[in-house]
Amino acid sequence: MIRKTSIAILLACTSVSAWAENSKPQPLPMGEAIPVSRDTPYPGTIKIQIDATDVQRGIFTVHETIPVDKDGRMTLMLPKWVPGGHSPGGQIDKLASLRFSSGGKPLAWSRDPQEVFAFHVDVPRGAKTVDVDLQYLSATASNQGGIVTSPAMLRLQWNAMSLYPAGYFIRQIPVDAVVTYPQGWTAYSGLPSKRVGASYVYDTTNYEVLADSPALAGRYAKQWPLSDRVFLDVVADTPDQLEAKPEQIEAHKRLVDQAVKNFGAQHYDNYHFLLSISSVMGGIGLEHHRSSEDGVKPGYFTEWDDSTPSRNLLPHEYSHSWDGKFRRGADLWTPDFHTPMRDSLLWVYEGQTQFWGYVLQARSGLVSKQDTLDQYAMIAASYDTAPGRQWRPLIDTTNDPIIAQRRPKGWTSWQRSEDYYNEGLLVWMEVDSILRKQSGGIRSINDFARAFFGINDGDWGEVTYTFEDVVSTLNTIQPYDWAAFLSQRLNETSDHAPLQGFVNNGYKLVFTDTPSPIMKKAMKARKAADFSYSLGFNISNEGSLTGVIWQSPAFKAGLTVNDKLLAVNGEAYSEQKLTAALKAAKTGKEPISLLIREDDRYQTVAIDYHDGPRYPHFEKIGQGEGGLDRLLTPQ
């Protein structure tokens with residue numbers, strides 16, 4: 001006993017001694033800080049020239065001339081935190097062939113060791129300008145990022161291929177820009193320009209507006225005026241994709257008309273839908289103040305009946321001109337592209353924009369009322385069956401763009417993703433229903449839209465807001481404890497989604513054994529089938545599971561994303577055979593047998609499920625016109 005105690009004491013002393021002798025480094029001092037931005041004019045106008053003719057290889061060649069008024073250390077930045085991305089998503093990895101010079105003589109440069117988007121240059125005495133030459137090497141395959149060039153078109157984002165001087169509010173930095181496009185191409189942008197041969201000379205502006213004014217150019221292009229200020233600019237892989245029928249353009253005109261009536265003001269001098277129709281270029285939906293970048297697959301006009309799911313894109317991005325671009329969360333607005341953005345108010349920025357996107361698609365007739373109701377049902381059902389709400393509140397999902405940066409997740413239904421979009425829609429639907437109920441049907445969210453967004457007609461700067469500003473505006477429309485209500489919805493965890501807004505406005509969620517027409521079109525567009533509400537998974541046409549719902553029958557059977565379903569009850573998988581097996585199991589007692597391949601392993605899985613196929617729909621409550629009916633009625 002004494003011997004064991006002695007050994008224990010010896011070991012303890014040895015451990016303490018060894019711990020005391022461990023090496024203990026001290027941190028190196030931090031490097032030179034990036035100059036703090038000041039709200040003072042930059043001394044001179046930056047000139048940017050871009051050669052965008054190498055569309056075959058997607059190489060943009062850039063020359064910048066930056067005026068300087070003193071010698072010494074100068075810091076130039078590639079935009080990192082760009083509005084609309086909600087995360088530090090600047091494309092620094094695409095930058096190449098960077099060179100600095102002054103008066104024809106090369107200048108040495110160094111990348112900041114802490115902020116890799118910053119470059120330091122020593123300006124020689126007597127220099128009037130610093131010249132910057134660089135290349136933007138755009139993605140040539142989808143695993144490198146979004147494809148922005150093809151032999152028929154290109155998408156140009158200034159913030160991805162130009163540097164700006166640190167130390168100034170970006171709205172204080174004047175810029176002249178010229179782009180040379182392939183011969184015979186037409187270019188569109190919210191920033192006015194003059195065409196000189198194959199080049200477009202853009203109006204002098206500031207760097208903030210320039211970065212917010214992308215260009216879309218192509219060999220096959222057509223423009224439709226939608227109002228005296230708004231234009232639909234379309235480029236396509238082939239000329240036949242530009243063959244829009246008059247009634248299709250009329251629906252887009254009604255979109256503009258309904259949006260202006262809804263918000264009560266316009267926050268642009270001109271607005272351009274920059275719509276690319278392509279099987280080569282990557283899809284996109286990105287808001288700007290005087291334009292939006294909208295990318296869809298071929299068939300937008302020519303296969304109109306099947307393209308319904310893609311027609312929510314333009315109403316959503318257009319609504320952002322008011323919500324997100326003009327009115328912007330105070331903690332999201334920054335004076336430059338280096339200061340980190342804070343996303344706490346994205347449930348307004350994106351959530352209410354998502355809300356208005358669906359309302360305006362129905363009011364304009366771009367999408368029918370019934371299809372809109374069925375899309376609402378898909379959203380409601382998706383969130384009502386997502387167990388991630390049990391642990392992660394809605395407000396925390398506003399951090400997701402920074403946390404995940406839109407990388408794929410294995411268990412989205414449990415981890416949650418950017419749910420401030422669609423769950424934000426659910427919250428705003430409930431706000432509308434409360435406004436209607438508390439005011440006796442006199443007030444609605446339409447009044448909030450005009451009060452909050454419909455100020456300062458023609459102003460395309462930014463007016464920031466806080467949570468308290470949202471609450472205050474709601475209270476001016478209809479007194480209520482809005483702070484408590486919104487705080488609860490943003491911070492609560494629960495088993496079910498907040499669907500009370502739809503119920504209050506006259507519709508309830510039900511399930512049938514047949515998908516709605518819009519759901520069938522959505523599955524066709526995704527080349528996938530949706531068994532989320534029965535077995536608990538989505539599956540590609542080739543049989544690969546693309547999503548598995550946490551705690552669903554599929555989850556409990558051990559299935560996961562990328563498993564491949566080979567056979568159903570002994571027969572080769574098809575959507576039709578799995579649906580038939582679901583129907584048969586509803587009246588039988590035998591489990592559904594699935595043959596699964598995971599990598600090189602095969603297993604047979606028995607799922608004891610007997611509730612049949614389940615697909616979401618909204619069913620009207622009671623008789624007559626409800627709040628949702630009135631909400632979707634054209635103004």
Is the shortest side-chain heavy-atom distance between N538 and S532 below 4.5 Å? yes
task = Please check if atom NZ in K508 has more than 12 non-hydrogen atoms from other residues, nucleotides or ligands closer than 6.0 Å.
result = no
Heavy atoms of S291 and G190 approach each other most closely as CB-N, 4.3 Å
Here the gap from L565 atom CG to L594 atom CG, rounded to the nearest 0.5 Å, amounts to 5.5 Å
Taken to the nearest 0.5 Å, the spacing of D384 CG from E423 CD works out to 10.0 Å
Flag for T140-Q144: side-chain donor and acceptor within less than 3.5 Å
yes
- Taking atom CD of E247 as the centre, does the number of heavy atoms from other residues, nucleotides or ligands within less than 6.0 Å exceed 12? yes
Check: Under the ring-ring contact (aromatic ring centres under 6.0 Å, His included) criterion, do W356 and F452 qualify, and how do the steps go?
Finding: CA-CA 14 Å; W356 289 121; F452 200 70; over 10 Å; no
- Message: Pairing donors with acceptors under 3.5 angstrom, does anything connect the side chains of T512 and H617?
- Response: yes
Fill in: Residue pair S433 / N504, side-chain donor-acceptor N/O under 3.5 Å
yes
Can you confirm whether or not the ring centre of H86 sits under 6.0 Å from the ring centre of Y349? yes
| query | Is the NZ or CZ atom of R311 positioned over W304's six-membered ring, under 6.0 angstrom from the centre and within 45° of the axis? | reply | yes
Side chains of S321 and H267 only: does a donor on one sit below 3.5 Å from an acceptor on the other?
no
Any sub-3.5 Å donor-acceptor pair from D237's side-chain atoms to S279's backbone N or O?
-> yes
Walk me through it: do I596 and Q603 pass the test side chain to side chain contact (heavy atoms under 4.5 Å, CB included)? CA-CA 5 Å; I596 301 293; Q603 63 173 324; 4.2 Å; yes
Scanning both residues in full, the closest heavy-atom pair of D432 with S444 reads OD1-CB, 3.4 Å
inquiry  = The test is side chain to side chain contact (heavy atoms under 4.5 Å, CB included); show your working for L631 and I445 and say whether it passes.
reply    = CA-CA 9 Å; L631 181 67; I445 199 169; 3.9 Å; yes
Practice task
Verify side chain to side chain contact (heavy atoms under 4.5 Å, CB included) between R327 and W322, making sure each step is shown before the conclusion.
Solution key: CA-CA 6 Å; R327 295 306 307 266; W322 292 268; over 6 Å; no
Separation between CD1 (I284) and OG (S276), nearest 0.5 Å, reads 8.0 Å
Looking at Y188 versus H272, is the centre-to-centre ring distance below 6.0 Å?
no
Value for CG (L275) from CG (L216), rounded to nearest 0.5 Å, stands at 8.0 Å
Heavy atoms from other residues, nucleotides or ligands near NZ of K620 exceed 12 (cutoff 6.0 Å): yes
Here the pair of heavy atoms bringing A251 nearest to L366 is CB-CD2, 3.9 Å
Check your understanding: Between R254 and S364, is there a donor-acceptor pair closer than 3.5 Å when you use the side chain of the first and the backbone of the second?
Key -> yes
Interatomic distance, CG@D257 vs CD@Q635, rounded to 0.5 Å, equals 9.5 Å
* When you check the side-chain N and O atoms of R630 and N505, is any donor under 3.5 Å from an acceptor? -> no
Please confirm whether the ring centroid of F273 lies under 6.0 Å from the ring centroid of Y318. yes
* Asked: Is a donor on one side and an acceptor on the other found under 3.5 Å between the side chain of D212 and the backbone of H288?
  -> no
When you look at CG of N562, are more than 12 heavy atoms from neighbouring residues, nucleotides or ligands closer to it than 6.0 Å?
no
Note to self: Tell me if the aromatic rings of F502 and Y376 count as close, with their centers under 6.0 Å from one another.
What the structure shows: yes
**Asked** Does a side-chain heavy-atom distance below 4.5 Å link Y220 with M153?
**Response** no
Dump the intermediate steps for side chain to side chain donor-acceptor pair (under 3.5 Å) on D629 and Y507, then the final yes or no. CA-CA 9 Å; D629 297 315; Y507 285 84; 2.6 Å; yes
Check: When you look at E430 and R489, which way does the salt bridge (Lys or Arg N to Asp or Glu O under 4.0 Å) test go after all the steps?
Finding: CA-CA 10 Å; E430 192 168 2; R489 287 290 177 260; 2.8 Å; yes
**OP:** May I ask you to decide if M378's main-chain N or O and S382's side chain share a donor-acceptor pair within less than 3.5 Å?
**Re:** no
Practice prompt. Look at the rings of F511 and Y533 and say which category their plane angle falls in: under 30° parallel, 30 to 60° tilted, over 60° perpendicular.
Written response: tilted
d(E250 CD, L255 CG) to nearest 0.5 Å is 12.5 Å
Q.
Treating Q241 as the side-chain partner and I277 as the backbone partner, does any N or O pair qualify as donor plus acceptor under 3.5 Å?
A. no
Aromatic rings W550 and F555: how do their planes relate, parallel, tilted or perpendicular, breaks at 30° and 60°?
tilted
Original post:
Where do D611 and K586 land on the salt bridge (Lys or Arg N to Asp or Glu O under 4.0 Å) test, with the steps shown first?
Top reply: CA-CA 5 Å; D611 288 339; K586 188 173 183 179; over 6 Å; no
Contact between F231 and L226 at the side-chain level, heavy atoms closer than 4.5 Å - yes or no? no
Tell me yes or no: between the side chains of Q361 and T372, is some donor less than 3.5 Å from an acceptor? yes
Residues N422 and Q354: side-chain donor-acceptor under 3.5 angstrom
yes
**Study point:** Donor-acceptor under 3.5 Å (S368 side chain, G365 main chain)
**Key:** no
Looking only at the side chains, is there a donor atom on one of D323 and Q352 sitting less than 3.5 Å from an acceptor on the other? no
Shortest non-hydrogen pair, A221 vs V235, comes out as CB-CG1, 3.7 Å
Smallest heavy-atom separation, L360 atom then F263 atom, equals CD1-CE1, 4.3 Å
Item checked: Exam field: side chain S227 to backbone R229, donor-acceptor pair closer than 3.5 Å -> yes
- Return yes if some donor-acceptor pair links the side-chain N/O of E571 with the main-chain N/O of V568 below 3.5 Å, else return no. no
Distance under 6.0 Å and angle within 45° of the ring axis: does R389 meet both against Y383?
no
Using the benzene-type ring in the case of Trp, are the ring centres of W428 and W347 under 6.0 Å apart?
yes
**Asked** Backbone N or O of Q415 within a donor-acceptor pair of the R392 side chain at under 3.5 Å?
**Response** yes
With a 6.0 Å cut-off on ring centres, are W411 and F537 close enough?
no
_Using only atom types and a distance under 3.5 Å, with no angle test, would you say the side chain of E317 pairs donor to acceptor with the backbone of E287?_
yes
P616 and A377 have their tightest heavy-atom pair at CB-O, 3.6 Å
Show, in sequence, the C-alpha distance, side-chain angles and deciding distance for I249 and L232, and conclude whether the side chain to side chain contact (heavy atoms under 4.5 Å, CB included) test is met. CA-CA 9 Å; I249 301 303; L232 176 61; 4.1 Å; yes
In R416, K409, R406, the residue satisfying salt bridge (Lys or Arg N to Asp or Glu O under 4.0 Å) with D400 is K409
Exercise for the section: Answer yes if the side chains of E350 and Y421 hold a donor-acceptor pair under 3.5 Å, and no otherwise. Expected result: yes
